Every structure is written in structure tokens, then in C-alpha cells.
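Structure, as C-alpha cells:
Note that the structure is predicted; figures quoted are calculated from it, not measured. Order of listing sets the numbers, starting from 1, for every ligand and every atom in it.
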Amino acid sequence: MLKVIVTGSTGLVGSRIIELLGKEFIFLPLLQTHIDITDKDDVWKTLKELEFDLFLHLAAYTNVDGAEQNRNLAFKVNKDGTKNIMDAVLYKRKRLIYISTDFVFDGKNPPFYEDSLVNPISTYGESKLEGEKVLAGKAMIVRISYPYRKTFEIKKDFVRAVRTLLEQRKKLSMVSDSLITPTFIDDIAYALKHLMQNYTNEVFHINGGGALSPFAAGKMVARIFGLEEDLIMPVAYKEYFKKKALRPQLSDIRSKKNTFYRMKSFEEGLQFMLRS
Ligand SMILES: NC(=O)c1ccc[n+]([C@@H]2O[C@H](COP(=O)([O-])OP(=O)(O)OC[C@H]3O[C@@H](n4cnc5c(N)ncnc54)[C@H](OP(=O)(O)O)[C@@H]3O)[C@@H](O)[C@H]2O)c1
């Protein structure tokens, strides 16, 4: 069995990967209490003592709005932290997978494939792209977008955030003139399983089947979970992001390379959550 070190193993995505694939890989979670990826000496010292085949790097500064005020920290974690890990992993001649984001694109001319032009419009997106640049051609880069899962106490994804507000019968505004590509995290885990077992130093998109507007996505959540659709109001992209970090407006993410795992559409993902 492959031995896989995981950073970000307590996070929204990483914790589910470990839950689902724990019988097929030997995972060695590196918590932030074990390793601060921004501390080069700490990274080298920790990795020197560990035996592993593959390093799955999910740890990141992920607060998109917060990154605008904490630019240095975002770059320190997402760029410098990634470089520290890459140097130590490659020194040991091991394999590295970096989880990245659709926020490396500007969202202006969709769709966006693995080889589309990158041009981030937020600090978070810039910092994740810098992480990509550090290891381009030397590691695998896997871009994911708008991940969601059925349960996770620590952090709400957008689906659970919408569900909670609708359950509380709160009104909410969702953008109607933009596109997102929601991705069911269980599918990310199973697609990654294939990539971990068939490693190459390339870029992959692991994204859900089909883009839709956040407004349409919210309505679908309401419909499928039996909540009140009319609580959701449309709002324009320009209006909604007036005081927030910009997200790519038309984030229709697609893959030319994922021929190995069928990703669910948003509707299929929600139906699966409802039934499971
Ligand atoms: N969530 C999304 O919408 C989304 C979308 C596209 C791509 N991604 C990418 O997917 C990956 C996982 O995202 P996520 O949402 O699962 O993340 P998350 O829930 O925010 O968790 C981030 C993880 O990174 C760890 N971490 C942060 N700074 C660290 C440091 N200096 N040293 C060591 N560990 C550190 C955190 O540890 P603690 O728990 O100890 O703080 C936590 O486990 C990230 O690379 C992110 O950029 C996420």
C-alpha cells in the first residue's frame, strides 16, 4: 500500500479524503501542531524522519476575503509553504500532489480547462497560483472548485451554509449572473485515488459535472432538501462583490484529462447526499 503524507488533513476536503480512502492507502496526517509548513527547518526536520511514497499537500490559507487584508500570510502559507514542502519532498525523490483552485482563473472567457490561461483576480487566487508556479513540471497539480460534502462540523461549505439559512427561514441573496462549478468532495476523493495510483507531473481538473449560477444552485438546494425556494433573491455579481474579494465571474471549469472518473452533476451530488 502507498504511504501518503497529508497536510490539511483536518480541513474540509482533506478529512473526507482520509475517511473515504483510509483502507486503500496508509495515510500519515501531518497536523499544524506537528508541522508549520511556513517554517523551512521544521519541514526539513519532520520530513527527514518520515518514510513515505507520496505527499498530498492540501494545507493552505483558504480565507478568500481574509487574504485581501492578510496578503503576506496568504503568500507565506500558499507559496513559501508549498516551496518548503516541494524542496524537502523532491530531495527525498518522492512524489508530490498540490491541491489548487479554480480561483487561478479570471472567469472572463469560459470554459476553463487544464491548459487555459491563468490570471487570478484575488490575493488568494494569486497566492495559490504562485504555489502552482513553484512546482510546475515537478509535481502534480490538481485544481478543484466549490467543494461540498454532506457533513463537517468544523467548516461550512456553500451548500450547508445555504441549507442552514433556509432552515432558519432567512432571506438570502445569491448571484444570478455568474457561474460556479460545484464539486462533490466524495468524487474528488475517488478521482484522486486514481491520480495517486497513476501519478504524473501534470495539471488536472477534478471538477463537478456542469456549471450553474449560485442563484440556480441555491434554488436547487432548496428544492432537493424541501426548503423554501422563494427565500432566495437574485443579486448581480457586481453588486454582491462590491465589498468582498472578487471571485471569477464565469467559473465554468472543465477537464480534458479526466477520462477515469465520472464526476456527479450538482443535482446528482445533492440527491446522493439526500439518500445517503
Ligand atoms: N474549500 C474550497 O472552497 C476550496 C476550493 C478550491 C480549492 N481548495 C483548495 O483545497 C485545499 C483544501 O481546502 P479546504 O477547504 O479543505 O481547507 P480548510 O478546511 O480551510 O483547511 C485548511 C487546512 O490547512 C491547514 N493549515 C493552514 N495553515 C497551515 C500551516 N501553516 N501549516 C500546516 N497546516 C496548515 C489547516 O490546519 P488547522 O486545521 O490546524 O488550521 C487545515 O487543515 C486547499 O489547498 C484549498 O486551497 C479549496
**Request:** Check whether any N or O atom of Y124, backbone or side chain, sits under 3.5 Å from an N or O atom of ligand 1, and answer yes or no.
**Result:** yes
**Prompt:** Among Q32, K155, R143, which residue places a heavy atom closest to atom 41 (O) of ligand 1?
**Reply:** Q32
**ligand 1 N/O within reach of I144 N/O, cut-off under 3.5 Å** = no
**Selection from P182, G131, P147 by shortest heavy-atom distance to atom 3 (O) of ligand 1** = P147
**Prompt:** Does T62, backbone or side chain, put an N or O under 3.5 Å from an N or O of ligand 1?
**Reply:** yes
**Asked** Is it true that atom NZ of K257 has more than 12 heavy atoms of other residues, nucleotides or ligands lying nearer than 6.0 Å?
**Response** yes
**Request:** Kindly assign one of parallel, tilted or perpendicular to the pair F55 and H57, based on the angle between their ring planes and the thresholds 30° and 60°.
**Result:** perpendicular
**Heteroatom proximity flag, L12 to ligand 1, N/O under 3.5 Å** = yes
**Message:** Pairs of nitrogen or oxygen atoms closer than 3.5 Å, one from K128 and one from ligand 1: do any exist?
**Reply:** yes
**Request:** Could you list the residues that satisfy side-chain hydrogen bond (donor to acceptor under 3.5 Å, both in side chains) with S213, not counting sequence neighbours?
**Result:** none
**Request:** For ligand 1, find out whether one of its N or O atoms is nearer than 3.5 Å to an N or O atom of V13.
**Result:** yes
**Item:** CE-OG distance between M263 and S255, expressed to the nearest 0.5 angstrom
**Value:** 9.0 Å
Table please: side-chain donor-acceptor pairs of residues 133-141 below 3.5 Å, with sequence neighbours left out.
{"from": "K133", "atom 1": "NZ", "to": "E130", "atom 2": "OE2", "distance (Å)": "3.3"}

**Item:** Y261 with V13, same ILVMFWY side-chain cluster at under 4.5 Å
**Value:** yes
**Asked** If we only count N/O pairs under 3.5 Å, is T10 in contact with ligand 1?
**Response** yes
